[in-house]
Amino acid sequence: MSIKRSRSISDNLNASKKRKPTNYWALGLLDTMKDPESIVMEDNLVVIIKDKYPKAEYHYLILPKEDISNLKQVDKEHVSLLEHMHQVALDLSKDDSHKHKNFKIGYHAEPSMVRLHLHLISDDMISSCLKTKKHWNSYNSSFFIDSTDICKELAIEGVIKLPTSEVCKQLLNTALKCHKCDFVPKHMPNLKDHLSSHK
DNA sequence: GTTCTAGAAC
DNA sequence: GTTCTAGAAC
C-alpha cells in the first residue's frame with residue numbers, strides 16, 4: 001500500500017518535470033537585461049548588454065524591451081523596432097572605444113536564448129570563450145543573418161523566412177574555414193592560433 | 001547557452 | 001600518451 005502510494009507521487013513529479021522542462025538557462029537574458037550593472041546603454045525601446053561569453057574582443061547584444069521571444073514572433077509591425085535596434089548597434093560600433101574595429105551586426109537563425117537579441121560583434125573572433133565549431137559557424141556561416149537583410153526582408157516581404165532546423169544543424173557543422181582568408185584549419189585550436197595572424 | 005568527460009583522432 | 005570533439009545534463 002505505502003509503496004504503491006509513494007510511486008504514484010514520484011510519477012506525478014516526473015510527469016510535471018517532463019511537462020515543463022523549462023531550460024532555466026535559456027531565460028538568462030531576461031534577468032541580465034534588468035541588471036543595472038550589465039546594461040551598457042538603453043533607451044525607451046531597447047537595452048544593450050555585453051555578451052556574458054563574448055566570442056570576440058567586443059561582443060554586445062541589443063534586446064527589445066518588448067516581450068518578443070525570437071525572430072519567429074516578429075512581423076511587419078516590428079519593422080521600425082528592428083531598424084531601431086540596427087541603428088543603435090551601428091552607433092555603438094562607431095563609438096570612440098571601438099576605433100579601427102570592424103563589426104558584424106546580425107541574428108542567429110536558431111538562437112538558444114529567449115528574448116530577441118541582435119549581435120554586435122567585432123570581426124577579430126579572438127576570445128577564450130570561442131571554443132567549438134558550432135561557436136565558429138554560428139558567426140561565420142549563413143546561420144548568422146545580417147541585420148540589414150532581416151530588416152529589408154521584413155519591410156518588403158512582411159515576413160522573415162528562416163532556415164529549417166535541419167539546415168541550421170548542417171550550417172553549424174560546416175567544415176572550418178578562416179573568415180578572412182583561404183586558410184582551412186585542422187581543428188579549432190589550429191584556427192584560433194591562425195586568427196592572431198590577421199591582427 | 002555552458003560544463004563535463006568518454007572515447008575518437010592523432 | 002595526449003589532444004580534441006561531441007553529446008548528456010534527471
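Note that the structure is predicted; figures quoted are calculated from it, not measured. Proteins get letters first, then strands, A, B, ... in listed order; numbering begins at 1 in each.
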Full working for side-chain hydrogen bond (donor to acceptor under 3.5 Å, both in side chains) between A:Asp51 and A:His117 = CA-CA 10 Å; A:Asp51 193 293; A:His117 53 281; over 6 Å; no
Value in whole Å for how far the [atom2] atom of [N] lies from [atom1] of [X]:
X	N	atom1	atom2	result
A:Lys133	B:dT2	NZ	P	17 Å
A:Leu27	B:dT2	CG	P	16 Å
A:Leu116	B:dG1	CG	P	14 Å
A:Lys52	B:dT3	NZ	C1'	12 Å
A:Asn23	C:dA8	CG	C1'	13 Å
A:Leu172	B:dG1	CG	C1'	13 Å
A:Leu130	C:dT5	CG	C1'	14 Å
A:Leu191	C:dC4	CG	P	12 Å

Kindly indicate, with the supporting measurements, whether the criterion salt bridge (charged side-chain N to carboxylate O under 4.0 Å, His left out) is fulfilled by A:Lys65 and A:Glu42.
-> CA-CA 9 Å; A:Lys65 290 184 173 178; A:Glu42 71 178 308; 2.8 Å; yes
Would you check if A:Ile39 and A:Met33 make a side-chain contact, meaning some heavy-atom pair closer than 4.5 Å?
-> no
Using a heavy-atom cut-off of 4.0 Å across all strands, would you classify [X] as base, sugar-phosphate, or nothing?
X	value
A:Lys186	nothing
A:Pro189	sugar-phosphate
A:His135	sugar-phosphate
A:Lys131	sugar-phosphate

For A:Trp25 and A:Leu27, run side chain to side chain contact (heavy atoms under 4.5 Å, CB included): C-alpha distance rounded to whole Å, both residues' side-chain angles, the deciding distance at 0.1 Å, then the answer.
-> CA-CA 5 Å; A:Trp25 52 260; A:Leu27 305 174; over 6 Å; no
According to a strict under-4.0 Å criterion, is A:His187 in side-chain N/O contact with OP1 or OP2 of B:dC10?
-> no
Considering Watson-Crick and G-U wobble pairs with both distances under 3.5 Å, what does B:dG1 pair with?
-> none
Do you know which of A:Lys55, A:Lys101, A:His198, A:Lys180 makes side-chain hydrogen bond (donor to acceptor under 3.5 Å, both in side chains) with A:Asp124?
-> A:Lys101
